[in-house]
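Just so it is clear, the values below take in all heavy atoms, side chains as well, and ignore hydrogens, waters and symmetry mates.
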Amino acid sequence: MRLLTTLLKHWAIHRLSRAANLREIQRWMLHRYARRTALVIGSRTLRFAALERQLRQWAQAIHAAGVGVGDRVLVAVDDPLTTVILRFACVEAGVVQMSFLPSHQDEFVLSCARRGAPSLAILQHNQHARWANILRADLPDLSVWRFTPGGELEQRVMGLPPHAVAHEVPMDVPLSLGFTSGTTGQPKLMQLQQAQLLASMRLMLLNVEDVRDKEVSMLIAVPLNGAGGGVLMPVLLAGGTAIIPTDNDAESLLTLLRDYRPGRMFVTPSQLIDLLDAESVCRSDFRSVSQLTYGSAPLPVARIREAIERFGPILQQGYGMSEALPPVAMLPPLAHVDDARDPANSALSSVGRIARGVRVEIRDEEGRKLAAGVIGRIWVNTPTLFSGYQDQPELNAGIFDATGFYFTGDMGYFDTQERLHVLDRIQDLIYRNDGVIYPRQIEERVHECEGVKEAVLVEVAGVLHLVISPRRRPPAPVSQELIRRIDTHLQVALPESARPTRIHVWDELPRSVLGKVLRREVRAALHAQSVAA
């Protein structure tokens with residue numbers, strides 16, 4: 001069986017290497033697994049054959065609207081099933097998708113639309129009515145479709161013949177346009193190329209074990225507009241079933257685990273912490289799961305140890321980003337070994353060893369390579385690397401070097417076992433007279449205190465603030481007692497210069513719609529409090 005799996009893996013890598021474009025791979029996948037279940041979303045299931053039929057109908061509708069190969073389509077649809085269908089329809093049609101979320105601000109969407117120049121916008125009827133008015137007023141030539149599940153637009157599209165699109169799609173046509181949040185200025189435009197995604201899938205096959213299991217099912221709890229979208233195609237390419245929740249709270253995820261018994265699961269660290277904190281969770285809920293992948297942010301070592309103890313040796317971590325698609329580094333289940341070391345030296349604080357086909361270097365500010373154990377800037381060279389931000393030559397000059405390496409914006413180090421440890425984004429570092437404070441190193445020690453759920457260290461007006469949320473299972477002590485315990489622990493674990501001046505207990509820490517703790521919102525809230533005081 002292992003030999004057969006290996007042969008299938010090499011065959012799939014060969015096919016990906018020789019594909020003319022992503023659409024060719026997508027069409028092969030849909031035909032090959034036509035009778036299998038592709039998607040489970042809420043109470044709805046969709047076989048590969050039905051997915052193929054519906055995405056072809058949407059692709060035909062897009063072309064009938066005068067949108068040609070390489071043109072851009074703005075999509076803001078909340079219905080997860082339609083989100084998936086439109087993602088594949090854009091590949092079939094050869095158009096470039098621009099995706100937005102309900103939480104995006106009006107000015108952000110309008111700024112991106114001006115720069116991206118879409119030919120068509122598909123907007124959810126209820127939540128995006130104001131966007132339709134804004135876009136029409138500023139972009140009078142833009143066609144706007146208002147979408148409601150089961151509504152007139154969907155019925156009209158489903159009446160079209162499900163023919164394959166005849167237009168050729170060159171490999172240099174991008175898959176999507178992404179935009180940064182724009183919190184520090186104008187949003188940065190970033191293209192995802194077909195070659196990047198194909199290279200990412202090849203590297204996944206090379207570096208992840210058993211991706212060609214006979215029966216693959218994955219509960220994708222990370223939103224599809226974030227890292228969750230990156231695992232959707234690999235799961236389906238393996239003939240697997242993607243189980244996509246309509247709600248991402250812990251109890252909803254536990255219900256899906258119990259009902260569908262997936263073999264794999266993908267969560268953010270915050271979601272895994274929520275699962276550990278859920279009142280009804282038990283080890284048997286995870287008995288079908290052979291790989292529980294967490295990503296998009298570091299998970300504290302204390303929580304990793306707890307998850308291994310409660311759910312078994314099933315955790316897997318990967319490192320990557322939109323600019324350099326994963327896998328950059330991998331820490332598979334067998335490498336999640338609790339060596340009982342302090343967080344900075346533990347294998348569990350790392351993202352693992354560098355993936356085959358990828359190069360990573362730790363450098364100082366002058367670009368010189370640093371030795372193991374020395375913290376510096378993380379530079380990456382990978383076949384999945386993007387080509388730079390559009391119309392940002394000065395920015396690109398600072399993040400690429402002459403040898404093809406890209407500065408990720410992350411700080412980290414290699415340990416003596418060649419494992420990569422990712423600390424913090426460079427903009428989150430705290431500079432003091434006696435050195436640099438890396439917030440993750442302090443937050444790791446805070447998580448060792450019983451009763452702490454999540455923790456964030458920020459600096460506001462020269463003062464170090466630690467903000468934590470309390471556990472519910474087991475119940476945390478009252479706030480003042482919890483603060484006293486944390487302060488006592490940090491007096492032993494940290495030098496005085498790195499200890500927070502003030503400790504706050506909030507019911508919950510703010511999170512993005514992609515499930516990550518928003519450090520900048522914590523900082524902004526504390527700043528507002530200090531100004532008010």
- Task: Given ring-ring contact (aromatic ring centres under 6.0 Å, His included), test Phe386 with Tyr406 step by step and report yes or no.
- Result: CA-CA 9 Å; Phe386 81 137; Tyr406 160 71; 5.4 Å; yes
- Message: Between Asp339 and Ser346 (side chain of the first, backbone of the second, donor and acceptor by atom type, cut-off under 3.5 Å), is there such a pair?
- Response: no
- Taking the six-membered ring for Trp, are Tyr438 and His421 ring centroids under 6.0 Å apart? no
- Message: Quick one about Gln191 and Ser387 (side-chain donor to acceptor, distance below 3.5 Å, no hydrogens or angles considered), yes or no?
- Response: no
- Judged by atom type as modelled, is there a donor-acceptor pair below 3.5 Å linking the side chain of Ser349 to the main-chain atoms of Pro343? yes
- Could you go step by step and tell me if Leu518 and Val456 meet the side chain to side chain contact (heavy atoms under 4.5 Å, CB included) rule? CA-CA 9 Å; Leu518 291 171; Val456 168; over 6 Å; no
- Message: Are the side chains of Val467 and Leu526 in contact, using a 4.5 Å heavy-atom criterion?
- Response: yes
- Query: About how many Å separate CD1 of Ile430 and CG of Leu457, when rounded to the nearest 0.5 Å?
  - Reply: 4.5 Å
- Is Glu323 close to Met190 at the side-chain level, that is, under 4.5 Å between some pair of heavy atoms? yes
- What distance do Leu272 atom CG and Ile304 atom CD1 have between them, rounded to the nearest 0.5 Å? 8.5 Å
- Query: Hey, does Arg359 have a side-chain heavy atom less than 4.5 Å from the side chain of Glu361?
  - Reply: yes
- Item | Least distance between heavy atoms, Ser217 atom then Pro262 atom | OG-CA, 3.2 Å
- Pairing of Asp364 and Arg377 as salt bridge, 4.0 angstrom limit: no
- Query: Mind checking whether Phe179 and Phe108 have parallel, tilted or perpendicular rings, split at 30° and 60°?
  - Reply: perpendicular
- Task: Go through the steps to decide whether Arg27 and Glu92 satisfy the test salt bridge (charged side-chain N to carboxylate O under 4.0 Å, His left out), and finish with yes or no.
- Result: CA-CA 8 Å; Arg27 286 179 173 179; Glu92 172 68 21; 2.7 Å; yes
- Query: Tell me, do Gln194 and Pro170 make a side-chain contact under 4.5 Å, heavy atoms counted?
  - Reply: no
- Message: Using only atom types and a distance under 3.5 Å, with no angle test, would you say the side chain of Glu418 pairs donor to acceptor with the backbone of Ile354?
- Response: no
- Flag if over 12 foreign heavy atoms under 6.0 Å of CD, Gln427: yes
- Separation of Leu139 CG from Leu110 CG (nearest 0.5 Å): 6.5 Å
- Item | Salt-bridge present (Arg363, Asp401; N to O < 4.0 Å) | yes
- Assess Arg419 against Tyr413: is NZ or CZ under 6.0 Å from the centre of the six-membered ring, and within 45 degrees of the ring's axis? no
- Between Phe88 and Gln26, is any pair of side-chain heavy atoms under 4.5 Å apart? yes
- Spacing of CE belonging to Met321 relative to OG belonging to Ser296, to within rounding of 0.5 Å: 12.0 Å
- Message: With a 4.5 Å cut-off on side-chain heavy atoms, are Met218 and Leu232 touching?
- Response: no
- Please check if the side chain of Ser200 supplies one atom and the backbone of Pro326 the other of a donor-acceptor pair under 3.5 Å. yes
- Would you call Asp338 and Arg305 a salt bridge, taking side-chain N to carboxylate O under 4.0 Å as the test? yes
- Note on the structure: CD1 of Ile25 to CG of Leu236, rounded to nearest 0.5 Å, is 13.0 Å
- Task: Look at atom CD of Glu508 and say whether more than 12 heavy atoms of other residues, nucleotides or ligands are closer to it than 6.0 Å.
- Result: yes
- Task: Please report the closest heavy-atom contact between Gly116 and Leu177, naming both atoms and the distance.
- Result: CA-CD1, 4.3 Å
- Query: Do Tyr33 side-chain atoms and Leu237 backbone N/O form a donor-acceptor pair below 3.5 Å?
  - Reply: yes
- Message: Side chains of Gln291 and Thr293 only: does a donor on one sit below 3.5 Å from an acceptor on the other?
- Response: no
- Message: Could you check whether atom CD of Glu366 has more than 12 heavy atoms from other residues, nucleotides or ligands sitting under 6.0 Å from it?
- Response: yes
- Query: Is any side-chain heavy atom of Leu22 closer than 4.5 Å to a side-chain heavy atom of Leu197?
  - Reply: yes
- Verify whether one side chain among Thr268 and Ser270 offers a donor that lies under 3.5 Å from an acceptor in the other. no
- Query: Do you know the tightest heavy-atom contact between Leu74 and Ala113?
  - Reply: CD1-CB, 4.2 Å
- Heavy-atom distance under 4.5 Å between the side chains of Ser176 and Met98, does that happen here? no
- Message: Under a 3.5 Å cutoff, is there a donor and acceptor pairing between the side chains of Asp106 and Trp131?
- Response: yes
- Determine yes or no for a side-chain-to-main-chain donor-acceptor pair under 3.5 angstrom, with Ser290 supplying the side chain and Gly263 the backbone. yes
- Task: Output the distance between atom CZ (Arg445) and atom CD (Gln441), rounded to the nearest 0.5 Å.
- Result: 10.0 Å
- Message: Closer than 4.0 angstrom, basic N to acidic O: yes or no for Glu444 and Arg303?
- Response: no
- Item | Sidechain N-carboxylate O distance under 4.0 Å for Asp428, Arg520 | no
- Does any N or O in the side chain of Asn21 come within less than 3.5 Å of the main-chain N or O of Val169, such that one atom is a donor and the other an acceptor? yes
